[in-house]
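Okay, so here's the structure we're looking at.
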Number of protein chains: 2
Amino acid sequence: MTEHFDGQEAWAAALRAHGRRVTKQRLAVLAAVERHPHSPAESILAAARAELPELTAQSVYVVLGDLTDLHMLRRFEPPHSPALYETRVGDNHHHAICISCGRVEDVDCAVGHAPCLTPHWDEQAKPMTIQIADVMYQGICQDCQQSQQLPSNRPSEEIEK
Amino acid sequence: MTEHFDGQEAWAAALRAHGRRVTKQRLAVLAAVERHPHSPAESILAAARAELPELTAQSVYVVLGDLTDLHMLRRFEPPHSPALYETRVGDNHHHAICISCGRVEDVDCAVGHAPCLTPHWDEQAKPMTIQIADVMYQGICQDCQQSQQLPSNRPSEEIEK
DNA sequence: GCCTTATTGTGAGAAAGTCAAAATAAGTGT
DNA sequence: ACACTTATTTTGACTTTCTCACAATAAGGC
């Protein structure tokens, strides 16, 4: 429970640094996101309610949105998934999503420090000032690859017609 | 109107090649996506109804989903936006989205032919078999940059508090 | 032309998130 | 410690985007 305090204080300091009040709702959301990276709002609500049962869904949406704007959290939206949140910000890491089971893994960028941040514009295109480059790898994780090669092992959860 | 026929026949052939029946709904959707790249389902419905007024929204969703699975269309989901569709498939181009006005532009990949397709895995991570790498650049387009520097020029549509 | 079955239409409904306004509580000053 | 100001949270209704099940229709092979 003492390591908890460290985290609490660190988050509290960050909140104050951004001119935000330190509320138990924000602390609960931050702790929940930290403990469950790559989670949607609903899961964060459930996790945060473990320590703050009266927390409401709206508060989670508001807090997540605000903290994302402050860059204390990072949001990304994989295809066919609600938005996911994580506390790992500031680096420009990317994400790999298994299109079969939905598992998400962090991927450090291969290309130096600011990867893919310099798109190659057409002649006629008016270049934008790029701020971030979200790279979303989609593939099949090892577990799903195996269970697809052994179709006998597969329950009836997702069979193609 | 003759160029229309060429497109119709090309799409019809592609549909047959994928074992799909050639329906006026599918042709209308394909033509609409081709004429309005980076459009959401609702806009595609509106555009397609210009030539097929009795088309329904459900059909558009079904057709878009199916043709996307066949890789005749490509879908991508920018943050805070419904899914967008385009007919440009097969190449691995990416997209730049203006976070201010939402405009989308195609971006050819800077890094050779199969860009960013080789993520750099952690030691402990179990690598996935990557199939596609969707790169989503987010920035501010030239128009929005200018209108933000001349705040007097900005109507009341989106003012920060 | 007819028949089979893929495709489309109909209507209900879920999921994820948003908005406005009232209730609460953090931080400030006393 | 107490009160006050206003940020924050809650409440509850609502929107948007998309999905599902099943009935109606029509494309393509015979």
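Side chains included, hydrogens not; waters and symmetry mates left out as well; all remaining heavy atoms used. Order of the sequence lines fixes the chain letters, A, B, ..., with proteins taken first and strands second; residue numbering starts at 1 for each chain. Note that the coordinates shown come from a computational prediction; the quantities given were computed from them, not determined experimentally.
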Exercise for review: Among D:dT8, D:dG12, D:dG28, find the nucleotide with the atom closest to the side chain of A:Arg20.
Suggested key: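 Of all the options, the side chain of A:Arg20 is nearest to D:dT8.
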Study note, to complete from the structure: Between B:Met72 and B:Ala14, the two heavy atoms sitting closest are CE-CB, 3.7 Å
Output a table of donor-acceptor pairs, distance under 3.5 Å, between side-chain atoms of residues 54-62 of chain B and any protein atom two or more places apart or on a different chain; print 'none' if there are none.
from: B:Thr56; atom 1: OG1; to: B:Ser59; atom 2: N; distance (Å): 3.4
from: B:Thr56; atom 1: OG1; to: B:Ser59; atom 2: OG; distance (Å): 2.9

Review point. Across the strands shown, which category fits B:Ala57 at heavy-atom distances under 4.0 angstrom: base, sugar-phosphate, nothing?
Key: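 Since no nucleic acid heavy atom lies under 4.0 Å of B:Ala57, the category is nothing.
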Practice item. Pick base, sugar-phosphate or nothing for A:Gln25, based on heavy-atom distances below 4.0 Å to the nucleic acid. Key: sugar-phosphate
Exercise for review: Select from B:Thr56 and B:His80 the residue whose nearest nucleotide in DNA chain C is closer to the 5' end of that strand.
Suggested key: B:Thr56
Study note, to complete from the structure: Whichever of A:Arg16 and B:Gly19 has the more 5' nearest nucleotide on DNA chain C, that residue is B:Gly19
**Study point:** The single option from A:Arg75, A:Arg74, A:His95 passing side chain to side chain donor-acceptor pair (under 3.5 Å) against A:Asp134
**Key:**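 Looking at A:Arg75, A:Arg74, A:His95, the match for A:Asp134 under the side chain to side chain donor-acceptor pair (under 3.5 Å) is A:Arg74.
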Measure [atom1]/[X] against [atom2]/[N] and give the value in whole Å, please.
X       : N      : atom1 : atom2 : answer
A:Leu15 : D:dT8  : CG    : C1'   : 12 Å
B:Gln58 : D:dA23 : CD    : P     : 17 Å
A:Leu27 : D:dT8  : CG    : P     : 13 Å
B:Ile44 : D:dC18 : CD1   : C1'   : 14 Å
A:Arg49 : D:dT9  : CZ    : P     : 14 Å
B:Leu64 : D:dC18 : CG    : P     : 9 Å

Study note, to complete from the structure: The answer to which of A:Leu52 and B:Pro82 contacts DNA chain D further toward the 5' end, by nearest nucleotide, is A:Leu52
Practice item. Specify the residue among B:Arg75 and B:Lys24 whose closest nucleotide of DNA chain D lies further upstream toward the 5′ end. Key: B:Arg75
**Study point:** Polar side-chain atom of B:Arg20 near backbone of B:His18 as donor-acceptor pair, under 3.5 Å
**Key:**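 Yes, the answer is positive, given that a donor and an acceptor are paired below the 3.5 Å cut-off.
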**Study point:** Under 4.0 angstrom between A:Thr23 side-chain N/O and D:dA7 OP1 or OP2
**Key:**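 For D:dA7, OP1/OP2 do not have a side-chain N/O of A:Thr23 under 4.0 Å.
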Point to revise | Gap separating the CG atom of B:Leu84 from the CG atom of B:Leu73, nearest 0.5 angstrom | key: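 Rounded to the nearest 0.5 Å, the CG-CG separation comes to 12.5 Å.
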Check your understanding: For DNA chain C, which nucleotides open and close the run of contacts to chain B, 5' to 3', at under 4.0 angstrom from a non-hydrogen atom?
Key -> C:dT5 to C:dA12
Check your understanding: Is a salt bridge present between A:Asp66 and A:Arg21, judged by a nitrogen-to-oxygen distance below 4.0 Å?
Key -> no
Point to revise | Proximity of A:Phe76 and A:His38 rings by center, below 6.0 Å | key: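 Ring-ring flag for A:Phe76/A:His38: true, centres closer than 6.0 Å.
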